[in-house]
Amino acid sequence: MSDGIRVRFAPSPTGHLHVGGARTALYNWLYARKTGGAFILRIEDTDAARSSEESVRGILEGLRWLGLDWDEGPDVGGPHAPYFQSERRELYQAEAARLVAEGGAYPCFCAPEAVEAIREAERAAGRDPNYDGRCGRIPPGEAARRVAAGEPHVIRFRSPDEGETLLFDVIRGKMAFRNELLEDFVLVKGDGLPTYNFAVVVDDDAMGITHVIRGDDHISNSPRHVLLYQALGYKLPKFAHLPMILGADKTRLSKRHGATSVQEFEKQGILPAGMMNYLALLGWSLDGKTELFTPRKLVEAFSLKRVGSNPSVFDPDKLAWLSGEHFTRLSDDEKAAGIHAFLTGQGLALPPLDAIRPRLAALVGLMGKRIKSWPEAAERLGHFFRERPDYDPEAVAEHLGGEAAGRLADLAGRLAGVAPWEAGAIEAALRERAEAMGIEAAALIHPLRVAVTGRSVSPDIFSVCELLGSDLTRARLTGRGWEG
RNA sequence: GGCCCCUUCGUCUAGCCUGGCCUAGGACGUCGGAUUCUCGAUCCGGUAACAGGGGUUCGAAUCCCCUAGGGGCUACCA
C-alpha cells in the first residue's frame, strides 16, 4: 500500500508547540496516513543555546494530545536513529568533509567580525551585502594545513555565481531563483555543529524523506537546499510549502495574539479532534462546504493538491465552534466519563465514576447542546454534586427579590408532598400553587430556576429538579443561600 | 534595499488550472425574528467580498501586464 512515501516534522525545541508547527505536523501526518507512508519526527536542536529538553517534552506531548503518532522518532526509535540532530554531528561532518574534498565547499577562516566588515564593504560598493568568497580561493593544500593546525574556521558552500535554480513546489508550481544572489553560506559552524540549511538536507536524504512539507517561510531557503542536494549527489524530494498562519492583524502569529500553543487550547477545554479539524481547515478544504471531519475522515479526505497558497488568519471563535461540534457528538456516556475526570481534576470529591455514571449521563443528556466543552460542563453541572450552586448575582437580583422568597418557601412546602418525584408531577404542583397564589406560572418558574441552579439559564427546570432530587431541591428553595 | 511568495464577505474558504452554469456558494462571527419556563439551546431570516488599473475576448473572479498592500528570506537561528 505504501508508495514508499516518507514525510517528517522537524521542530526545533525552542518553545511550545505552536499552532503553526502543529498545523505543519498535522499536514505531514495526514499525508503519511493517507498514502500509507511513514511519518517521521526529528528534533532540530542544532542551536545549543536555545534548545531545551522541556521544549522537546512539551512538543511531544502536544503532538500526542492532538492525536498524532509517529512511525520513527524520539521515544519510538527507528532504523535511522538517532532522531536528534545534536546526536548526528559525525554524519554532518563526514558529508561536509566529502563536499570539501570534492571542491563543493571550503573552510573559511574569516572571523565573524571580518565577515561583517566584508558585508559592509560590499554594501558600500553598492552590491548585495554578501560574503565575497575569498577563502574559497585559498589553495586546498594550504587550507587543509591550516585546518589541521587547529585554526578556527567554518565550512562554507561554494555557491554557483550564475544560472538559476528551479524549484517545483506541489502547491505553488515552478519558482526560479538566480544563483548570483546567493552567497557562500555556512554549512558547519565554528563549534562544529551544522547550520539548519545543511542539517535538513543531509538528514532528509539520510532518512529517505520523499516529500518535504513545511511552512512557506522556508521558500527562500529552498534554492540553497536544492543546490546542496545537487552538490551532494542526493535525490531531490518533492516540496510543498504551506502558507503561514497569521494573527488577527495579519502579522505573524505570536503571543501578542493570545493563546497560540496547543497546550493553552487544551487548558481552555478545546477537544483534540476539534483542534485537529480546525487546523486542517486552515489552509486546506475538501469542497468549501464540508467542515466537520473526524480524524478518520480527515485522513480519508486530505490531499496536498487542495492546500491553498494564501496565508490565513487564526480565528479562535471558529476553533471553539468546531470543538463544540465535536463535543456535541460525544455520547452521553463519554461525556459522563469526561466530566467525572474533569470535576475530579478540579478537586471535587465525587463518588467513583461507575457509581454515578448513569446519573451523569442523564444530566448531560438533559443539558444537550448547552454544553460544548469540559469547563462549560463543569460550570453547569458541578452544582449537582455540591450543597448549593454559586449564585449568579445578576440572576439573583432579577428573580429572587421581593416576594420571591416567600413564594418559594410556599412552593417548597407543596413540593414536599410530591411523589413520585418526577418532572411532570413537579410542574403540576408548581402550576397549581401559582394559580392558588393568583400569579403567572412564569413568576414562579423563574425564581425556581435561579434558586435551584444559581443561574437564569438552564434546560427544562422541572427535569433539573427531578435529577437533583427532592431534598436538595427543597433545601435550595428555603435555604436562601442566594442571599449569601 | 535586493530576491521570493501572497491578495474572493470582518474571518476560514468554494469557484481560478480546463473563461460563460457567478445576479460569486458554504461556514464562523454578527444582526433581526420565532419559540410564552429562561438560554449562551433550537428554528427561520438578513448582513457582507472578486485590492486598483490596463489589456486579451462576443464574454473575465477566472488568461496577460502594471501598480498598491501584506508576508517571508537576505545569520556561524531554525
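Chain A is the first sequence line, chain B the second, and so forth, proteins listed ahead of strands; every chain is numbered from 1. A quick note: this is a predicted structure, and the numbers were derived from the prediction, not measured.
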Would a 4.5 Å heavy-atom cut-off, applied to side chains only, mark A:Phe198 and A:Leu232 as touching? yes
Do A:Arg172 and A:Asp216 have side-chain heavy atoms sitting under 4.5 Å apart? yes
Would you say the side chains of [X] and [Y] form a donor-acceptor pair under 3.5 Å?
X	Y	answer
A:Arg388	A:His383	no
A:His225	A:Asn197	yes
A:Tyr106	A:Asp184	yes
A:Thr294	A:Arg329	no

With both distances kept under 3.5 Å, what pairs with [N], Watson-Crick or G-U wobble?
N	result
B:C63	B:G55
B:U36	none
B:C28	B:G10
B:G1	B:U74
B:U18	none

Distance between [atom1] atoms of [N] and [M] (Å, rounded):
N	M	atom1	value
B:A68	B:C28	P	39 Å
B:C21	B:G59	P	15 Å
B:U7	B:C43	P	35 Å
B:U74	B:A78	C1'	15 Å
B:C17	B:A27	P	26 Å
B:U30	B:G40	P	11 Å
B:C50	B:U62	P	12 Å
B:A60	B:C22	C1'	11 Å

I need the A:Leu253 CG to A:Ile245 CD1 distance, nearest 0.5 Å. 7.0 Å
Would you compute the distance between atom CG of A:Leu26 and atom CZ of A:Arg23 and round it to the nearest 0.5 angstrom? 9.0 Å
Can you say whether the rings of A:Phe314 and A:Tyr278 are parallel (under 30°), tilted (30 to 60°) or perpendicular (over 60°)? perpendicular
For nucleotides 25-33 of chain B, 5' to 3', base contacts (B), sugar-phosphate-only contacts (S) and non-contacts (-) with protein non-hydrogen atoms under 4.0 Å give BBBS-----
Encode nucleotides 65-78 of chain B as B, S and - characters from 5' to 3', where the letter depends on protein heavy atoms closer than 4.0 Å: B to the base, S only to sugar-phosphate, - to neither. -----SSBSSSBBB
With sequence neighbours excluded, what pairs up with A:Thr165 under the side chain to side chain contact (heavy atoms under 4.5 Å, CB included) test? A:Asn179, A:Pro223, A:Val226, A:Leu227
ring-ring contact (aromatic ring centres under 6.0 Å, His included): which pairs involve residues 150-188 of chain A, sequence neighbours left out? A:Phe109-A:His153, A:Phe157-A:Phe185
Going by salt bridge (charged side-chain N to carboxylate O under 4.0 Å, His left out), name the pairs with one or both residues in residues 304-320 of chain A, residues two or more places apart or in two chains. A:Glu291-A:Lys318
Checking all strands, does [X] fall into the base, sugar-phosphate, or nothing category for heavy-atom contacts under 4.0 angstrom?
X	value
A:Pro223	nothing
A:Ser285	sugar-phosphate
A:Phe177	sugar-phosphate
A:Arg306	sugar-phosphate
A:Ala176	sugar-phosphate

Can you tell which of B:U38, B:C12, B:U8 lies closest to the side chain of A:Val457? B:U38
Nearest to the side chain of A:Arg455, heavy atoms from C-beta on, is which of B:G40, B:C12, B:C6? B:G40
A:Lys305 has an atom NZ; how far is it from atom P of B:U13, in whole Å? 19 Å
May I have the distance from A:Asn310 (atom CG) to B:A61 (atom P), rounded to whole angstrom? 19 Å
So with a 6.0 Å cut-off around CD of A:Glu151, is the heavy-atom count from everything else above 12? yes
Is there a donor on the side chain of A:Arg370 or the base of B:C39 sitting less than 3.5 Å from an acceptor on the other? yes
Quick check on contacts: within residues 268-283 of chain A, what sits under 4.0 Å from RNA chain B by heavy-atom distance? A:Leu281, A:Leu282, A:Gly283
Quick one: is A:Ser312 getting a side-chain N or O under 4.0 Å of the B:U13 phosphate, OP1 or OP2? yes
